[in-house]
Amino acid sequence: MTSATVLSFSKEKIVSFVWQHLLLMFSLYLMTLGVALCIRSDLGSSVISSLPLSLSTASQSGISYIPALSVGGYTIVMNFIFVALQIALLRRRFEPVQLFQLLIGLVFGWLIDINMLLTSILDCSTLATQVLTQAAGCTVMGIGIAFEVKCGSVTMPGEGITVAISRITGQPFPKMKIYVDTTLVVLAVASCYLFFGAWRWNIIGPGTLFAMVYVGMVVRYTSAHISWFGRLLAYRPGFRRYIFGLARFIYRKND
């Protein structure tokens, strides 16, 4: 293999990696937009944001022993704990490449805060607007998750800890996923009683239960209808390919 061939191959790998992770960032943005919309609905947050929302709300309520962090800030902390738990559970079986989850978790929390800011103009003062906002949030989140899975990069920390527990216990991933989600909800409920002395329905409410069922349905439906996203992943951007060529590439019929 000549040096020119090696250089070309290396450049192709770099372009492929960058393009894949640009699409991953887009997927994470959709996921976090969904998270923000669910929080804004006041009907109950998504499972992954329930505990961070409880902690953030407590810190904003003037509880001195709770660090003053945003929902995104507490999400970052939780994601870092998930990675630390994976290392503790898997030990030598933990693959160093999975440390990339730390960066993904950081970006995920950062994007939650951005979308919380962007959605601050929403007025969910009526039940109708609350329901519509919750439904929109769960739909957008499900689409984002389907795209994120399709990107095939390093798993999210929340999924990574589930995979680690599944490997340690020998139990199937779906079963462990239910256990992990249930644990997060229980911790969120416990924190509500600890910090506020009562159940907070805007943190864990009917919208949370709806999200646990509906988001999975959206992911399954979207995953079956995004063959075009696979072609988009295979696309290699360059100066000689213009936007119309990209559009034709995405939407052309499968061979």
Side-chain angles (χ1 to χ4, degrees), residues 17-18 20-32 34-35 38-39 45-56 66-67 69-113 115 141-142 144-191 203-204 208 211-212 215-216 219-220 223 233:
F17 178 85
V18 172
Q20 177 191 22
H21 287 84
L22 282 175
L23 293 177
L24 176 63
M25 292 303 105
F26 172 71
S27 304
L28 294 179
Y29 178 81
L30 289 181
M31 292 169 64
T32 54
V35 168
C38 288
I39 293 174
S45 65
S46 62
V47 172
I48 195 66
S49 62
S50 57
L51 185 57
L53 178 59
S54 179
L55 291 166
S56 179
I66 302 298
L69 295 177
S70 63
V71 179
Y74 273 111
T75 300
I76 292 171
V77 172
M78 185 177 69
N79 283 331
F80 278 33
I81 292 174
F82 283 157
V83 176
L85 287 174
Q86 291 176 57
I87 295 173
L89 289 171
L90 296 175
R91 299 184 181 182
R92 293 182 178 180
R93 286 187 288 174
F94 181 83
E95 299 174 359
V97 69
Q98 294 300 328
L99 289 173
F100 190 59
Q101 291 181 40
L102 294 172
L103 179 58
I104 299 298
L106 181 67
V107 172
F108 189 80
W110 178 62
L111 287 175
I112 285 178
D113 283 343
N115 279 308
M141 191 191 314
I145 292 172
F147 286 171
E148 182 260 331
V149 172
K150 191 73 172 178
C151 285
S153 184
V154 175
T155 58
M156 293 286 295
E159 306 300 323
I161 185 61
T162 307
V163 171
I165 296 173
S166 179
R167 290 179 63 184
I168 292 296
T169 61
Q171 297 296 316
F173 176 86
K175 183 177 181 179
M176 291 299 100
K177 178 63 176 173
I178 293 174
Y179 288 161
V180 170
D181 286 351
T182 301
T183 300
L184 290 176
V185 170
V186 170
L187 288 174
V189 171
S191 68
I203 296 175
I204 299 292
T208 308
M212 292 177 73
V215 170
V219 172
R220 286 192 293 272
S223 298
L233 275 169

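None of these values were measured; they are calculated from a predicted model.
- Applying the 6.0 Å contact sphere to CD of E95 captures no more than 12 heavy atoms from other residues, nucleotides or ligands.
- Taken to the nearest 0.5 Å, the CE atom of M31 stands 12.0 Å off from the CZ atom of F147.
- The local environment of CZ in F26 is sparse, with at most 12 non-hydrogen atoms from other residues, nucleotides or ligands closer than 6.0 Å.
- Separating the CG atom in L106 from the CG atom in N79 is a distance of 9.5 Å, to the nearest 0.5 Å.
- In terms of modelled atom types and a separation under 3.5 Å, the side chain of S54 and the main chain of S50 share no donor-acceptor contact.
- How far CD1 of I76 is from CG of L102: 11.0 Å, rounded to the nearest 0.5 Å.
- Using a 4.5 Å heavy-atom threshold, the side chains of M25 and I104 count as touching.
- Residues F108 and T32 approach most closely at O-CG2, 3.3 Å, considering heavy atoms.
- Heavy-atom minimum distance, V71 versus T75: O-OG1, 2.7 Å.
- Put simply, the side chain of I165 reaches to within 4.5 Å of the side chain of I161, judged on heavy atoms.
- Between the S166 side chain and the T162 main chain, no donor and acceptor come within less than 3.5 Å of each other.
- Separation of atoms CE (M176) and CG (D181) is listed at 11.5 Å; rounding is to 0.5 Å.
- Taking 4.5 Å as the limit, every side-chain heavy atom of L55 sits out of range of all side-chain heavy atoms of M78.
- The minimum heavy-atom distance between S56 and S70, with the atom names listed, is OG-C, 3.5 Å.
- No side-chain heavy atom of S46 sits under 4.5 Å from any side-chain heavy atom of V215.
- Side-chain contact check for V35 versus M141: some heavy-atom pair is nearer than 4.5 Å.
- One finds the OG atom of S45 at 5.0 Å from the CG atom of L53 (value rounded to the nearest 0.5 Å).
- In this structure, Q101 and P157 approach most closely via the heavy-atom pair OE1-CA, 3.2 Å.
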Run the numbers on R167 and L89 for side chain to side chain contact (heavy atoms under 4.5 Å, CB included), then give the verdict. CA-CA 9 Å; R167 290 179 63 184; L89 289 171; over 6 Å; no
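- The closest side-chain heavy-atom distance from I87 to L99 is below 4.5 Å.
- Rounding to the nearest 0.5 Å gives a distance of 10.5 Å between CD1 of I145 and CG of L30.
- With contacts defined as side-chain heavy-atom distances shorter than 4.5 Å, the pair Y74/I66 qualifies.
- The environment of OH in Y179 is sparse: at most 12 heavy-atom neighbours from other residues, nucleotides or ligands sit within 6.0 Å.
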